[in-house]
Undergrad: 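Sharing a structure, written as structure tokens. Questions coming.
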Amino acid sequence: MGLLSILRKLKSTPDQEVRILLLGLDNAGKTTLLKQLASEDISHITPTQGFNIKSVQSQGFKLNVWDIGGQRKIRPYWRNYFENTDILIYVIDSADRKRFEETGQELAELLDEEKLSGVPVLIFANKQDLLTAAPASEIAEGLNLHTIRDRVWQIQSCSALSGEGVQIKDASPARLCSPEGKDDGEAKFSKGTAGSVASSPCSSSEGLVWGLVSSSACRGIFHPSRRFDGEVSSLALGER
Amino acid sequence: MFVSLWGFLYSNYFRFWLKWILRLLTRKCELQRIFDGSKEGARRTLSVEHSLDSSKNKVLRNAVHVNKAEVEKCVRNVMKEKKIEQKNTGFKTNLHICLLQISGYKKLYLNVESLRKVPYDSDNEEHEEQLIELWNLLMPHENLKARITKQWCDIGFQGDDPKTDFRGMGMLGLVNLVYFSKHYTNEARQVLSHSNHPKLGYSYAIVGINLTEMAYSLLKNGALKSHLYNMVSGLPQMEHFHQFYCYLVSEFDKFWFEEEPESIMHFNQYREKFHEKIKGLLLDYDVILTLKDTKKP
């Protein structure tokens, strides 16, 4: 379930091919994330000119992930890749505070794009392995994510470098999101994650859970039919 | 299945008997036959490397990893093992050269790899100096207004601070860029000006770092052996790797404008095509890939 479960909801078509668009500023970690998702070596990465694409098979879904270069010069080309996007993944370098404003602007512009209207957005607060990284909650606040009302969204801490927070896991939301069920889920995840699960406001029956991630995936989701309670997930390094 | 069975039988049994029969017929060991049958260069050195690598004799097998200082001793030992007279100077010289090339290639890879593993560090003065040197070489008529400035985009970095662009290539990427600009200054400036083409332009420095990755991976997987064995009759040096990089940058620039891609967004597709082309060239035993018509570095 998780990302996969939301996909099943969104995609009633039988082909089960999913187009995921990876965007973000240069040096945010998009290509590293892409390679992590595809379980490839991440030690020889160079800046992306143009784009990379990889297909990842998971639970009957074929995820076609498009990683587009983030350098300012080629951002005008981003729009060429909007069409038919099922999910937008926006990657932020959580340690690059000087560029929070710039990344916020780019994200806001993306959310205004007609071709991306209603497309669910998953924001990765990347580079949580760095000591200077801002926590996801701070980034969510800075970006005014709570004002997003027209789509499903979520912010997720991760470290594309270590792989924490980015694995495609088939976590069961029923077990992970309900406070009673936390014992079942706890063993699966690294320290610090289980705690954030227990108080999760998300009702598992709705099934609107991002699963690229894991347990805490449900915490920041805004569902149009439900009031957003302002919580965000912080998975990878929960005790920071 | 059949192929792998054959491969197993060949390398474990048949090869031995085949060599034994040939030895009886020609009264020469495999190494001697290689030296007699091929002239100095990649064909010979690759054959010697293969022969030593697949030998059952430990002295021979270890010879491909010999240190520069011990090559002479190693040659003597191999000759002793193969019962070749020490006064056979032809054999001695030939084997000496081959061992320098073979072990030198491995050493070169280690050196390149260790430079790649040094991340660019903006607190390191030496790193910073090289970065500034790169600017001055490429843009002699324009001063950098600050260390962090949008001007870096003019030579094809992504943003206002190049330090994040070296990534997985570390200092190897920068040293390559500086080498090209320093030793082939005119060519480098010319390529840079091409890269500013309004329609077919690309980011010079970023593409350069991508080509460092290409040169590095060709070295790593052994594809560069043919070129280096032909090029250097002895120990290949870091300089030879840099020179190959310069060749790649210059050739890629030509290739890019010949292909006329729709936009920079198609970079990876053409990069792959170019990569295949270079791999194809390196399959030729007589290949030497160097930049021509330039002042000697």
Side-chain angles (χ1 to χ4, degrees), chain A residues 21-36 40-54 65-82 91-103 106 126-127 129-130 132 160-161, chain B residues 112-113 116-117 119-120 148 150 152-154 156-170 172-174 176-177 195-196 198 201-221 252 256 261-272 274:
Chain A
L21 187 58
L22 262 178
L23 296 176
L25 303 187
D26 52 279
N27 201 40
K30 298 176 291 298
T31 307
T32 308
L33 189 69
L34 176 76
K35 296 216 167 191
Q36 275 286 3
E40 287 179 15
D41 178 24
I42 55 162
S43 57
H44 302 149
I45 288 172
T46 54
T48 305
Q49 278 279 276
F51 66 92
N52 302 298
I53 175 168
K54 292 205 183 298
V65 189
W66 294 71
D67 154 38
I68 321 288
Q71 136 188 43
R72 186 179 286 279
K73 212 166 137 190
I74 62 176
R75 283 178 218 160
Y77 292 100
W78 282 2
R79 58 178 61 251
N80 299 353
Y81 301 85
F82 289 165
V91 187
I92 294 176
D93 176 350
S94 310
D96 191 2
R97 290 164 193 263
K98 272 188 249 154
R99 296 212 288 168
F100 280 177
E101 199 186 324
E102 185 183 349
T103 196
E106 292 292 346
N126 191 22
K127 307 203 185 179
D129 50 287
L130 297 177
T132 51
L161 194 69
Chain B
V112 166
E113 174 70 348
R116 182 190 73 80
K117 281 190 171 157
Y120 184 86
I148 292 176
K150 292 239 162 358
W152 288 113
C153 297
D154 297 345
F157 285 104
Q158 294 199 98
D160 52 18
D161 190 349
K163 72 174 182 192
T164 57
D165 285 340
F166 298 106
R167 307 208 186 154
M169 289 301 114
L172 184 64
L174 179 57
N176 269 172
L177 282 167
S195 78
N196 287 321
Y202 54 85
S203 297
Y204 175 83
I206 300 309
V207 167
I209 293 167
N210 264 281
L211 293 171
T212 291
E213 199 277 331
M214 188 180 294
Y216 164 79
S217 66
L218 289 168
L219 176 72
K220 188 179 181 181
N221 67 24
F252 180 79
W256 181 261
E262 224 174 285
S263 79
I264 186 62
M265 297 312 282
H266 295 84
F267 174 76
N268 278 334
Q269 182 191 332
Y270 287 93
R271 178 198 193 276
E272 216 25 65
F274 180 67

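So that the names make sense, note that chain A is the first sequence line, chain B the second, and so on, each numbered from 1. From a predicted model like this one, the values you see are computed outputs, not experimental measurements.
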Undergrad: Heavy atoms only: give me the nearest A:Q49-B:F267 pair and the separation to one decimal.
TA: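 Closest approach of A:Q49 to B:F267: CB-CD2, 3.3 Å.
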
Undergrad: If you compare all heavy atoms of B:R167 against all heavy atoms of A:D26, which two are closest, and at what distance to 0.1 Å?
TA: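 Minimum heavy-atom separation between B:R167 and A:D26: NH2-C, 4.2 Å.
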
Undergrad: Taking all non-hydrogen atoms of both residues, which atom of B:E213 and which atom of A:H44 are closest, and how far apart?
TA: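 Taking every non-hydrogen atom into account, CG-O, 3.8 Å.
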
Undergrad: Does NZ belonging to B:K117 count more than 12 external heavy atoms closer than 6.0 Å?
TA: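 At most 12 heavy atoms, drawn from other residues, nucleotides or ligands, come within 6.0 Å of this atom.
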
Undergrad: Heavy-atom distances under 4.5 Å only: say whether B:R116 touches chain A with side chain, backbone, both or neither.
TA: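 Contact with chain A involves the side chain of B:R116 alone.
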
Undergrad: Does any backbone or side-chain atom of B:K163 lie under 4.5 Å from a heavy atom of chain A? Answer side chain, backbone, both or neither.
TA: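 B:K163 has no heavy atom closer than 4.5 Å to chain A.
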
Undergrad: Measure B:Y202 against the heavy atoms of chain A and call it side chain, backbone, both or neither at under 4.5 Å.
TA: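 Both backbone and side chain of B:Y202 come within 4.5 Å of chain A.
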
Undergrad: Need one label for A:N52: side chain, backbone, both or neither, based on atoms under 4.5 Å from any heavy atom in chain B.
TA: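 For A:N52, backbone and side chain are both near chain B.
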
Undergrad: Nearest heavy-atom pair of A:P47 and B:N210: which atoms, and what distance?
TA: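 In terms of heavy atoms, the two residues are closest at O-ND2, 3.1 Å.
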
Undergrad: Please identify, among B:G173, B:S263, B:S203, the residue contributing the most non-hydrogen atom pairs under 4.5 Å to chain A.
TA: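 Sorted descending by pairs with chain A, the first entry is B:S203.
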
Undergrad: Counting only heavy atoms not in A:E101, do more than 12 sit closer than 6.0 Å to its CD atom?
TA: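 Atom CD in A:E101 is not packed in, count stays at 12 or less.
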
Undergrad: Drop me the distance from B:D160's CG to A:R72's CZ, to the nearest 0.5 angstrom.
TA: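 Between B:D160 CG and A:R72 CZ, I get 9.0 Å after rounding to 0.5 Å.
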
Undergrad: Which atoms form the tightest heavy-atom contact between B:Q158 and A:T48, and what is the distance?
TA: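 So the two residues come closest at OE1-O, 4.3 Å.
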
Undergrad: I need the A:W78 CH2 to B:M265 CE distance, nearest 0.5 Å.
TA: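 So the CH2 of A:W78 and the CE of B:M265 are separated by 10.0 Å.
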
Undergrad: Relative to chain A, which of B:I209, B:T164, B:T212 shows the most heavy atom pairs under 4.5 Å?
TA: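 Going by pairs under 4.5 Å, I would pick B:T164.
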
Undergrad: For A:R79, does the CZ atom have more than 12 heavy-atom neighbours from other residues, nucleotides or ligands under 6.0 Å away?
TA: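 Open.
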
Undergrad: Below 4.5 Å from any heavy atom of chain B, which atoms of A:I68 appear? Answer side chain, backbone, both or neither.
TA: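 The answer is the side chain of A:I68.
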
Undergrad: Rounded at 0.5 Å granularity, tell me how far CG in B:D161 sits from NZ in A:K98.
TA: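 Rounded to the nearest 0.5 Å, the CG-NZ separation comes out at 7.5 Å.
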
Undergrad: As an exercise, state the distance from CG of B:N268 to CD1 of A:I53, rounded to the nearest 0.5 Å.
TA: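 Reported to 0.5 Å precision, the distance equals 11.5 Å.
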
